[in-house]
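Order of listing sets the numbers, starting from 1, for every ligand and every atom in it. None of these values were measured; they are calculated from a predicted model.
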Amino acid sequence: MKQTSTPPTLIMIFGATGDLAKRKLYPSLYQLYLKGSLEKQFAVLGIGRREWSNQQFTDHIRNSLTQASDNHDHIEAFIEHCVYESHDVEDSSSYIKLKNKANELDEKFDLKGNRIFYLAMAPEFFGTITDHLKADGLTDNGGFCRLVIEKPFGHNLPSANVLNDQIRQSFPEESIYRIDHYLGKEMVQNIEVIRFANALFEPLWNSRFISNIQITSSEVLGVEERGRYYEKSGALRDMVQNHMLQMVALLAMEPPISLSTDEIRSEKVRVLRALRPVEGEEVDDYFVRGQYGPDHEGEQKGYRENANVDSDSNTETYVAGKVMIDNFRWAGVPFYIRTGKSMAVKSTKIVVQFKDIPMNLYYNKEHSLDPNLLVIHIQPDEGITLHLNAKKTAQGIDTDSVKLSYSASSIDGINTPEAYEKLLLDCILGDATNFTHWDEVRHSWSFVDKISDHWEKTKDQTFPNYSAGSMGPERSDSLLEKDGFEWWPIGELDVEE
Ligand SMILES: NC(=O)C1=CN([C@@H]2O[C@H](COP(=O)(O)OP(=O)(O)OC[C@H]3O[C@@H](n4cnc5c(N)ncnc54)[C@H](OP(=O)(O)O)[C@@H]3O)[C@@H](O)[C@H]2O)C=CC1
Ligand SMILES: O=C1O[C@H](COP(=O)(O)O)[C@@H](O)[C@H](O)[C@H]1O
């Protein structure tokens, strides 16, 4: 069944031979093709440095789609729309060849000059590519021109500023689609709907009724082959600057006056502007860093044993933090965030903990009332659970904790699309709502830079301070304990339990 009709589009993927393109981009485009969102008028121009023939490129895509999709029936038809061009992005003389190839495809598939330039490459190339796209006339083709940029967007605020200034010379802000793939996740998109489409929650969504919010994004995988990138990044830049702060912004923003891209973005920006800055020694009161060592059984290796990682590395693979939002709605409510590699479970969950009721009528020595929780299950399970207290089904007035659950992932026939699929479709349709505006990026960097500045100055002598396969360093528990809270055990909060 046709999903959404899209305008004719040429998608030029820079980095077409890379990991991201193979694992995410081709499978997502193929899904859009299977659903009818991409029809006859589209083409993919893959660009890589290696000297591949078209045949090698299409074999590569075939391989990617065969692994990623259960439906192999339309792979050959999809591949007919894919063409490869070997091109070194640093070679200024070869952009003209690229332009000619793009024009050929425009004509062959009747693409009306519409182009998406997807930069699935290391960020140091972004500026060079955008300069050339403009200077050599690839952006001047009579249709729309959109630029999709992968993370990381800079390494800190100054470098992000330089990068932004450079790409803005060639593309206006409204044509720049900065990807944060968490914004394409079904349940991250659902945060807004849960909040703004239910009379139940919004009146309680403030410091009078919420005691704290916990956001966990834990991964089982370690850093593996990505040591070179990760040594420069660490968990703070890799996950907190973007995905974690985006979730904070969606949870904390004011209701926008409409669902337009600009209104939603400006509400998110206001939250990011209200983040309480923490710097210098103060960072240690608000943030905890960790690095995984080998597990006790010696089955999982420690971070420092990965290729391209310094044997004395000070890079954090885990971050927990208390984020305060200094505005009227959230005064005094901690947003605790934690994320890490090589942890016990792969899970992203948000736990909204409501304040205790003013007086407990049901209290007895054996049983105190549990707080109400709203749990938003982002992944791997998708859904929401509301934890309430109800009467025990027996005599007396004892209470029991019960859960009302909605599991989006267990509804027959619903297979929520991969985040990249949704984001690619949004970009083709020209909807930038789920992409990050420069103002969001810059405020996030400004918050994160103060923390990384402190960490870079002070080597953590306790590293490695958590075992692979655990839930992170003990110090992250103290972060909550000193406020009278504890991390909810996310492994025990599954939606279908
Ligand atoms: N992989 C992932 O899961 C994720 C990746 N990202 C981001 O996406 C981007 C790409 O990542 P990934 O695919 O993993 O990287 P890879 O290292 O797998 O791929 C890099 C790509 O860049 C191409 N390339 C490098 N130098 C040149 C050059 N001078 N001219 C033309 N092409 C060149 C390579 O071509 P060739 O091999 O032919 O030289 C290859 O296609 C990065 O910014 C990364 O941070 C973001 C989120 C997740
Ligand atoms: O952006 C990134 O995200 C992944 C985690 O994504 P998820 O969708 O699996 O939660 C992380 O592994 C990677 O280091 C980071 O660059």
**OP:** Could you tell me whether Glu51 atom CD has more than 12 heavy atoms of other residues or ligands within 6.0 Å of it?
**Re:** no
Original post:
Mind checking whether Tyr230 has a heavy atom under 4.0 Å from ligand 2?
Top reply: no
Original post:
Between Tyr26 and Phe78, does the ring centre distance come in under 6.0 Å?
Top reply: no
**OP:** Would you mind checking which non-hydrogen protein atom is closest to atom 40 (C) of ligand 1, with the distance to 0.1 Å?
**Re:** Thr17 OG1, 3.4 Å
Subject >> Taking atom 7 (C) of ligand 1 as the reference point, the nearest protein heavy atom with its distance >> reply: Lys151 O, 3.4 Å
Subject >> Salt bridge flag under 4.0 Å for residues Asp460 and Arg475 >> reply: yes
**OP:** Return the option from Arg50, Lys24, Lys22, Arg228 holding the heavy atom at the smallest distance from atom 37 (O) of ligand 1.
**Re:** Arg50
Original post:
So which protein heavy atom does atom 4 (C) of ligand 1 come closest to, and at what separation?
Top reply: Leu20 CD1, 3.6 Å
Original post:
Starting from atom 47 (C) of ligand 1, which protein heavy atom do you reach first, and at what distance in Å?
Top reply: Glu150 OE1, 3.8 Å
Subject >> Arg273 and Asp439 ion-paired at < 4.0 Å >> reply: no
Subject >> Atoms in ligand 1 with a heavy atom of Pro152 nearer than 4.0 Å >> reply: 45 (O)
Original post:
Ion pair present between Glu186 and Lys422, side-chain N to carboxylate O less than 4.0 angstrom?
Top reply: yes
Subject >> 4.0 Å heavy-atom contact, Asp238 with ligand 2 >> reply: yes
**OP:** Return a yes/no value for Lys341: is any of its N or O atoms, backbone included, closer than 3.5 angstrom to an N or O of ligand 2?
**Re:** yes
Original post:
Just going by heavy-atom distances, which of Met121, Arg23, Glu51 is nearest to atom 33 (C) of ligand 1?
Top reply: Met121
Subject >> Side chain, backbone, both or neither: the part of Tyr229 lying under 4.0 Å from ligand 1 by heavy atom >> reply: neither
Original post:
Do any nitrogen or oxygen atoms of Ser217 lie less than 3.5 angstrom from nitrogen or oxygen atoms of ligand 2?
Top reply: no
Original post:
Below 4.0 angstrom, N of the basic side chain to O of the carboxylate: do Lys151 and Asp238 qualify?
Top reply: yes
Original post:
Closest non-hydrogen protein atom to atom 19 (O) of ligand 1, residue and atom name please, with distance?
Top reply: Gly18 CA, 3.4 Å
**OP:** Check whether any heavy atom of Phe14 sits under 4.0 Å from an atom of ligand 1.
**Re:** no
